[in-house]
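Hydrogens, waters and symmetry mates are skipped; everything else that's a heavy atom, side chains included, is used.
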Amino acid sequence: MDIQGGSGICLGPKNYLGRLYQVIPVSITVEGANILTRTMMIFGQGAVRCHPYIQKEMEALQSENTNQALQQFDEVFFKHVGFVIHNVAASFWLGLTNARFISVPGDQNTQRYYRQIARLSVGFALLADYALLILGGALKRKERISGRFADVLSNLYLCSSVLKHYQDQGSQKEDLPLLRWACQQTIYRAQQSLLAIFWKLPLRPVVWLLRAMVFPIGKPYSPPSDRLIHETASLLLDNSATRDRLTDGIYINTKKDDATGRIEHAFNVVLKAAPIEAKLRKAQRQKQIPKGNVSDLLDEAVSKKIITQDEAKLSVEADKARLAAITVDDFAPDEL
């Protein structure tokens, strides 16, 4: 919608986005992709069922056989205590070393992100146990805390998905800027959400101790740099194999008279015409042709042999395709 601008706002036959925008609330409110999902469902409803020990402890407490229940509870409880102690030690060690010494899958381009996921996952598990211990069933009603736990979990999941997708597509080196941007963005967001949880948990002295365990040397991760963002954007401005992999499975055609095809057609033609426009701009700087809109100077540029007749035709085609891609529907009063 940002790219289409006015032609994506004004409804009409040329606008292929407007109706899609109108039905977005359906996907938000009906399909469950809303604030309720974040604050209650992602973490709040799964915290007990996904925990390796809490549900087993609850089942042992509800058992009618007292002796068997006590034995079963003690066994699970001590495993749970060991799990917490392990996470405390692991959080501190991984925080000090930034998880450099743990064994992870992947290659030299992806292993750092697997390590970062592992480090934040241990901190997440430790904080989740503390929150469940202190808040108990009230955690589900503490939607600000539950929502931030969901943010950590979601971003770690997204980062894992990016790494798997990169591997499944053959670990293409051309896609590395995309991989780095996505991983750095999700890891940074997970870190910030984890830090935000510390401000919401009770018993401040214990919370500060936990923070020192999880982040003993401060915040290690930063968002993607401007340089990386530029590299990522540059990949999308060229008709490359990287772009094809990004759009794999999406319906695309290049028919000029198709609603979406005219966008792809304009993209391809404008790319082909870019060197011609560069020639004309250079000629203007060298005062071979006057300043102004290059489309108005094509005949003069051809006569001075700055460009060929075929290049002029391609430039005209690119202008027409560009205009067709952004033109807003216009109706007479009787048509409305």
Side-chain angles (χ1 to χ4, degrees), residues 1-43 143-144 146-148 150-155 157-159 161-162 165 175 177-179 181-186 188-190 192-193 223-224 226 228-240 242-271 318-336:
M1 181 64 83
D2 292 338
I3 294 171
Q4 287 300 121
S7 63
I9 296 171
C10 302
L11 290 179
K14 294 179 181 177
N15 186 350
Y16 66 98
L17 288 178
R19 296 302 181 188
L20 293 174
Y21 247 62
Q22 286 184 335
V23 300
I24 284 177
V26 175
S27 65
I28 294 174
T29 59
V30 178
E31 301 301 330
N34 55 17
I35 196 66
L36 187 66
T37 304
R38 173 181 176 265
T39 57
M40 289 188 65
M41 297 178 185
I42 295 176
F43 178 79
E143 294 184 4
R144 290 177 182 269
S146 181
R148 285 182 170 85
D151 292 341
V152 179
L153 182 61
S154 299
N155 279 289
Y157 175 81
L158 287 171
C159 191
S161 300
V162 168
H165 187 65
D175 298 352
L178 297 174
L179 171 81
W181 183 90
C183 289
Q184 289 177 24
Q185 182 79 345
T186 50
Y188 174 74
R189 286 180 173 177
Q192 295 304 104
S193 298
D226 289 347
L228 178 57
I229 293 171
H230 177 74
E231 290 178 17
T232 303
S234 297
L235 283 175
L236 308 182
L237 297 176
D238 193 15
N239 194 2
S240 62
T242 295
R243 185 173 180 269
D244 292 338
R245 284 189 288 272
L246 268 180
T247 56
D248 183 38
I250 298 174
Y251 172 72
I252 294 176
N253 72 70
T254 57
K255 297 177 182 178
K256 300 179 185 179
D257 56 349
D258 182 81
T260 58
R262 71 173 185 270
I263 309 297
E264 190 70 11
H265 172 70
F267 174 75
N268 291 323
V269 176
V270 167
L271 279 179
D319 278 339
K320 289 181 179 179
R322 184 189 293 114
L323 183 62
I326 64 175
T327 297
V328 177
D329 288 296
D330 187 20
F331 303 98
D334 58 323
E335 291 177 315
L336 290 173

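One finds the CG atom of Leu235 at 9.5 Å from the CZ atom of Arg245 (value rounded to the nearest 0.5 Å). Residue Phe267 holds its CZ atom at 10.0 Å from CD1 of Ile252, rounded to the nearest 0.5 Å. Between the OG atom in Ser154 and the CZ atom in Phe43 there is a gap of 11.5 Å [rounded to 0.5 Å]. Atom CG of residue Leu17 and atom CD1 of residue Ile9 lie 10.5 Å apart, to the nearest 0.5 angstrom. Remark: His165 NE2 to Leu158 CG distance equals 13.0 Å, nearest 0.5 Å. The SG atom of Cys159 sits 15.5 Å away from atom OH of Tyr188, with the distance rounded to the nearest 0.5 Å.
The main-chain N or O of Ala190 is never found under 3.5 Å from a side-chain atom of Ser193 such that the two would form a donor-acceptor pair. With hydrogens and angles ignored, the 3.5 Å screen pairs no side-chain donor or acceptor of Asp248 with any backbone N or O of Asp244. In this structure, Asn15 contributes its side chain and Gly18 its backbone to a donor-acceptor pair below 3.5 Å. Without hydrogens or angle criteria, Asp238 side chain to Ser240 main chain gives no donor-acceptor distance under 3.5 Å.
The stretch residues 320-332 participates, sequence neighbours left out, in these side-chain hydrogen bond (donor to acceptor under 3.5 Å, both in side chains) pairs: Asp319-Arg322.
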(Q) Would Thr242 and Leu178 count as a side chain to side chain contact (heavy atoms under 4.5 Å, CB included) here? Give the steps. (A) CA-CA 9 Å; Thr242 295; Leu178 297 174; 3.5 Å; yes
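Of all heavy-atom pairs spanning Ala325 and Ala266, the tightest one is CB-CB, 4.1 Å. Nearest heavy-atom pair across Thr254 and His265 is O-CB, 3.8 Å. When all heavy atoms of Val269 and Ala318 are compared, the pair lying nearest together is CG1-CA, 3.4 Å.
Side chain to side chain, Thr260 and Asp258 meet the donor-acceptor criterion of an N or O pair below 3.5 Å. No side-chain donor-acceptor contact under 3.5 Å links Asn155 and Tyr157. For the 3.5 Å distance criterion, the side chains of Gln22 and Arg19 qualify, holding a donor opposite an acceptor.
A salt bridge links Arg38 with Asp151; the closest basic N to acidic carboxylate O contact falls under 4.0 Å.
Between Thr39 and Ser146 the shortest side-chain heavy-atom distance does not fall below 4.5 Å. With a 4.5 Å cut-off on side-chain heavy atoms, Asn253 and Glu264 do not count as touching.
Heavy-atom contacts from other residues, nucleotides or ligands closer than 6.0 Å to CZ of Arg262 number more than 12.
Evaluation of the side chain to side chain donor-acceptor pair (under 3.5 Å) rule for Gln185 yields no partner, not counting sequence neighbours. Residues passing the side chain to side chain contact (heavy atoms under 4.5 Å, CB included) test with Leu237, sequence neighbours excluded: none.
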